[in-house]
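Residue numbering restarts at 1 for every chain, and letters A, B, ... go by the order of the sequence lines. For the numbers below, each heavy atom of this structure counts, side chains included, while hydrogens, waters and symmetry mates do not.
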2 protein chains.
Amino acid sequence: MQDLLFDFISKYVTLTEAEKNAIVSLDLFRTLKKGTTILKKGQKSKDSYFVLEGCIRIYYIIDGDEKTTAFYTEMEALTPPCVVSKTPSEYYVSCVEDSILLISNSDMEAEINSKFPKFDLMCRKLSEELLAKQRIDFDEFKTSSPEQRYLNLLQKRPDLIQRVPQHQLASYLGIKPQSLSRLRARILEKKS
Amino acid sequence: MQDLLFDFISKYVTLTEAEKNAIVSLDLFRTLKKGTTILKKGQKSKDSYFVLEGCIRIYYIIDGDEKTTAFYTEMEALTPPCVVSKTPSEYYVSCVEDSILLISNSDMEAEINSKFPKFDLMCRKLSEELLAKQRIDFDEFKTSSPEQRYLNLLQKRPDLIQRVPQHQLASYLGIKPQSLSRLRARILEKKS
DNA sequence: ATTACTTGTTCACTTAAGTTAAGAAATACG
DNA sequence: CGTATTTCTTAACTTAAGTGAACAAGTAAT
């Protein structure tokens, strides 16, 4: 399980055994049941999440119903905006499936970073990369129709469509569940 | 003009006079005319932009017409995704108005960063902050209708609506110019 | 000054998403 | 196992966005 983490890290920096041990000794791995909420609206938190196995999502409750805006699966990291801004969270984060997460605290990260400057470098590279990736995703979202977005998702993250309830997918695509259902029917119609 | 830059930087790190001089001596300020294209589709580039005055935008050309997805105004920074991924650009960047930009090269940044670790720290803080901000923007976009998005923009960046041509605003809001025009008429109707 | 181009609005029509409601299918749980 | 709940689909209707076209106003260019 830890190997997955170190494979990921190796894309950004090269760690010594001592450094790897330092991470392992922090004992940050957590096993969570499907449906577990790990961050609630209104809470303050300093925790970042790295998904080793499973899937977590960000969702809002607007006019009484859930709006899911993001999913994080294997080898993806999330530092919730509220951790950065140090304000109460506007949204919820919960497990879509049984999941194994690495949960790190920003205070602790600061400590690690001062001991091992490499981590700092990794964090910078990672957030620059995520910023760029998210920019592209946002641009694609803006420039395409719901149907195109769905087809695009089918290409890029086909697994998500299988693992995630469709009403959560719908809001992720910026539409209502009924529209997603209809849109799928429309696509099938076209194919035949 | 440089004061604006140092005011901005001071939000992240505290610079000494020597460090400030080092930046100034690099002579990175550029004055550009409205309409100037600073990055074209297909180009490779290592340049990041910081807007001191004016406004720049990202746009794509899809099926022959422009789709503007982002605007950057005073005190906002853009490192185009293609600089991070080191691949040819998928989009254009151009000046919406006569602008003064600080244009820095990533090779040069690396050099500065190694001389002055503070810059590295600033870059990390900045990209973490921008990532969080963009996540929130994306979430708001997904969870609201075109009309809500327009009203939201009116609250948050009223200046943009004045400075930017409406057909560019439209694609920024994810709709067609005609729809924006109609939507605005609808809002006026409601008010009266 | 005239022409050309850009920009914004309006209109009629088409297409697709939102809404409300009902029912079927799958899943969870006692 | 059966019941409750969640999830998904379908349908009829409403609302709003997309499309194509025409026109007016403003701007730039010769």
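The residues B:Lys156 and B:Glu140 are annotated as salt-bridged, a charged nitrogen and a carboxylate oxygen being separated by less than 4.0 angstrom. In this structure, A:Lys133 pairs ionically with A:Glu129, as a charged nitrogen and a carboxylate oxygen lie closer than 4.0 Å. Looking at A:Arg157 and A:Glu76, a side-chain N of the basic residue comes within less than 4.0 Å of a carboxylate O on the acidic one, giving a salt bridge.
The closest side-chain donor-acceptor pair between A:Glu19 and A:Thr16 falls under 3.5 angstrom. Neither side chain, A:Tyr91 nor B:Asp139, offers a donor N or O lying under 3.5 Å from an acceptor on the other. Checking A:Glu109 against A:Ser104 by side-chain atom types alone, a donor-acceptor pair falls below 3.5 Å.
Going from atom CZ of B:Arg186 over to atom P of C:dT10 covers 13 Å, rounded to whole Å. Atom CG of A:Leu183 is separated from atom P of D:dT9 by 11 Å (rounded to the nearest Å). Going from atom CD of A:Gln148 over to atom P of D:dG18 covers 11 Å, rounded to whole Å. Look at CD1 on A:Ile187: it is 11 Å from P on C:dA16, rounded to the nearest Å. Across the protein-nucleic acid pair, A:Gln178 atom CD and C:dT20 atom P stand 10 Å apart, rounded to whole Å. Atom P of nucleotide D:dT7 and atom CG of A:Leu180 are separated by 14 Å, given to the nearest angstrom. At whole-Å resolution of the value, CD in A:Glu97 and P in C:dT27 are 14 Å apart.
When atom types are taken as modelled, the side chain of B:Arg149 and the backbone of B:Ser144 share a donor-acceptor pair closer than 3.5 angstrom.
Among pairs with a residue in residues 158-167 of chain B, those fulfilling salt bridge (charged side-chain N to carboxylate O under 4.0 Å, His left out) read B:Glu74-B:Arg163, B:Glu97-B:Arg163, B:Asp159-B:Arg163, at least two apart in sequence or across chains.
For A:Ser25, there are no side chain to side chain donor-acceptor pair (under 3.5 Å) partners, not counting sequence neighbours. A search for side-chain contact (heavy atoms from CB on, under 4.5 Å) contacts involving B:Lys115 returns B:Glu111, not counting sequence neighbours.
You'll find the ring centres of B:Tyr172 and B:Phe71 inside the 6.0 Å limit.
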Let me check I have this right: for DNA chain D, each base becomes ., (, ), [, ] or |, based on Watson-Crick or G-U pairs with both distances under 3.5 Å. What is the full string? ||||||||||||||||||||||||||||||
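Side-chain nitrogen and oxygen atoms of B:Ser179 include none within less than 4.0 Å of the OP1 or OP2 phosphate oxygen of D:dA17.
Donor-acceptor pairing under 3.5 Å, judged by distance alone, is absent between the side chain of B:Arg184 and the base of C:dG8.
Counting any heavy atom pair closer than 4.0 Å across all strands shown, A:Pro146 reaches sugar-phosphate atoms only and no base atom.
Of the residues in residues 161-176 of chain B, those lying under 4.0 Å from DNA chain C by heavy-atom distance are B:Pro165, B:Gln166, B:His167.
With D:dT10, C:dA17, D:dT19 as the choices, the nucleotide that has an atom nearest any side-chain atom of B:Arg182 turns out to be D:dT19.
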Detail all sub-3.5 Å separations between protein N/O atoms and N/O atoms belonging to nucleotides 24-30 of chain D.
none

